[in-house]
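Working notes, structure below.
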Amino acid sequence: MTRLLAPPRSDRELVGSLIDSSTALLAAQTHDVVRFAMGAPSEDLMPIAELDEAFATARRGRYDYGDSAGEPRLREQILRLAAEAGAPTRDERVLVTTGGMQGLDLAFKLCLDPGDLVIVEAPTYTNGHATALSYGAEVLGAPTDADGLVVDALPGLVERAGRLPRAIYTIPTFQNPTGVTMSRERRVRLLELAERWGALVIEDDPYGMLRFDGDPAPSLAQIAPDHPLVFQVRTFSKTIAPGLRVGWIDVDPELRERAVAAKQAMDTCTGVPVQHGVAAFLEAGRLRPHVDRLLPLYRERKDAMRRELDRVFGDRVVATDPEGGFFLWLTFTGELGGLDTEALFPDALAEGVAYIPGPAFTVDGSMRDALRLCFATSSPERIAEGVERLARAAERTAGGGAGGVR
Ligand SMILES: Cc1ncc(COP(=O)(O)O)c(C=O)c1O
């Protein structure tokens with residue numbers, strides 16, 4: 001029989017997102033579930049009234065096709081934000097994207113040929129490495145510790161791979177999934193290596209503005225302003241609301257021109273009414289006060305989660321201690337050492353708590369005894385309840401033999 005359609009691309013290339021699938025899974029649950037899984041601000045902390053007000057301010061042309069680079073009024077606000085953050089940039093470097101995800105898609109689309117090597121952090125943001133895979137990358141995980149990516153491990157990895165990476169994908173500040181932040185020294189060293197190898201450094205920074213403790217870490221783009229190899233990906237998803245689907249990239253102007261062309265072939269422009277809504281929100285000076293209101297709450301929630309983990313699990317877990325962002329990373333140790341977090345998941349869900357298992361964040365399915373917890377979405381009381389449920393499920397799975405402790 002004649003084939004009328006081209007064959008689909010292989011499953012290996014088009015990997016979906018376990019994180020996104022869990023949104024649907026969680027929505028289907030009818031019992032009470034403490035949600036530590038998704039990395040989104042909870043609705044009660046979104047600036048909904050202010051957004052509604054911003055969206056209500058009508059503007060001519062807001063229902064037309066827009067400039068593929070983004071609405072000028074929003075780009076102006078993005079430049080203002082960057083300057084306020086001490087990382088001034090220029091209009092010819094900025095392109096408004098449909099969320100941070102489109103920034104990542106553009107980064108990999110523009111720099112990769114099938115078979116190219118991409119270095120990612122292990123663990124890393126699932127949708128980031130899935131995007132690299134969708135462009136045919138060979139993805140190599142590099143170790144991380146409490147100071148982020150272990151940059152000194154990269155030359156050895158590259159030597160063993162026998163070829164240079166085309167891109168290094170990193171989330172240096174309040175990393176997803178671990179919450180850790182890369183030290184300044186490592187950032188500088190990473191830029192040196194990228195220059196030596198001619199590799200694009202994709203700096204994915206959705207959480208940088210959400211620091212509730214410690215001293216600010218300069219972004220890679222700040223350490224090396226105008227560097228042609230630094231591709232910065234930003235989003236308003238975590239600071240305002242993810243459903244807006246508005247982000248931006250800050251890149252070399254030549255690369256930005258190519259990104260504009262690529263975006264024209266994807267979605268022409270990011271939704272124009274939404275860009276105007278976000279611009280009006282920013283023009284009214286709403287973002288900084290909103291974030292300032294959130295930060296003490298996030299600190300309180302992170303502290304509550306670490307305190308409850310310590311109280312309920314004691315030395316049976318180790319957890320990271322982030323200074324910002326949404327997540328902490330938990331690894332089972334001691335009596336619970338080796339507990340398989342994928343096997344634990346159905347028990348945990350039945351018990352009424354959800355998280356994302358460690359292997360979702362690795363290219364090779366490793367880190368089975370670890371999991372990601374989002375502390376940002378739940379109140380301290382719900383966090384206490386969720387951690388207790390997690391402990392009951394862990395004890396049951398560990399005691400149950402099959403599928404439990406390896
Ligand atoms: C590290 C990282 N990069 C990118 C994104 C995607 O951002 P957006 O929802 O704006 O597409 C996320 C969202 O979870 C993220 O955590």
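Each ligand, and each atom within it, is numbered from 1 in the order the structure gives.
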Ligand 1 versus Gln102: contacting region, heavy-atom distance under 4.0 Å: neither
How does Ser237 reach ligand 1, if at all, at less than 4.0 Å between non-hydrogen atoms: by side chain, backbone, both, or neither? side chain
Side-chain donor-acceptor pair under 3.5 Å between Thr170 and Glu121, yes or no? yes
Can a side-chain donor-acceptor contact be found between His276 and Glu71 if the only test is distance below 3.5 angstrom? yes
For Thr320 and Thr178, run side chain to side chain donor-acceptor pair (under 3.5 Å): C-alpha distance rounded to whole Å, both residues' side-chain angles, the deciding distance at 0.1 Å, then the answer. CA-CA 7 Å; Thr320 55; Thr178 59; 5.9 Å; no
Before signing off on this row, confirm whether Gly100 and ligand 1 have an N or O atom pair separated by under 3.5 Å. yes
Kindly confirm or rule out an N or O of Met101 lying under 3.5 angstrom from an N or O of ligand 1. yes
How many angstroms lie between CG in Asp204 and CD in Gln175, if you round to the nearest 0.5 Å? 9.5 Å
Which residue from Phe236, Tyr207, Tyr125, Phe326 reaches closest to atom 16 (O) of ligand 1 through any of its heavy atoms? Tyr207
Which of the listed options, Asn127, Thr124, Asp204, holds the heavy atom that is closest to atom 1 (C) of ligand 1? Asp204
Please state which protein non-hydrogen atom is closest to atom 9 (O) of ligand 1 and give its distance, to 0.1 Å? Arg245 NH1, 3.0 Å
Should the ring pair Trp248 and Phe236 be called parallel, tilted or perpendicular, given that the plane angle runs from 0 to 90° and is split at 30 and 60? tilted
Would you say Lys238 contacts ligand 1, with heavy atoms under 4.0 Å as the rule? yes
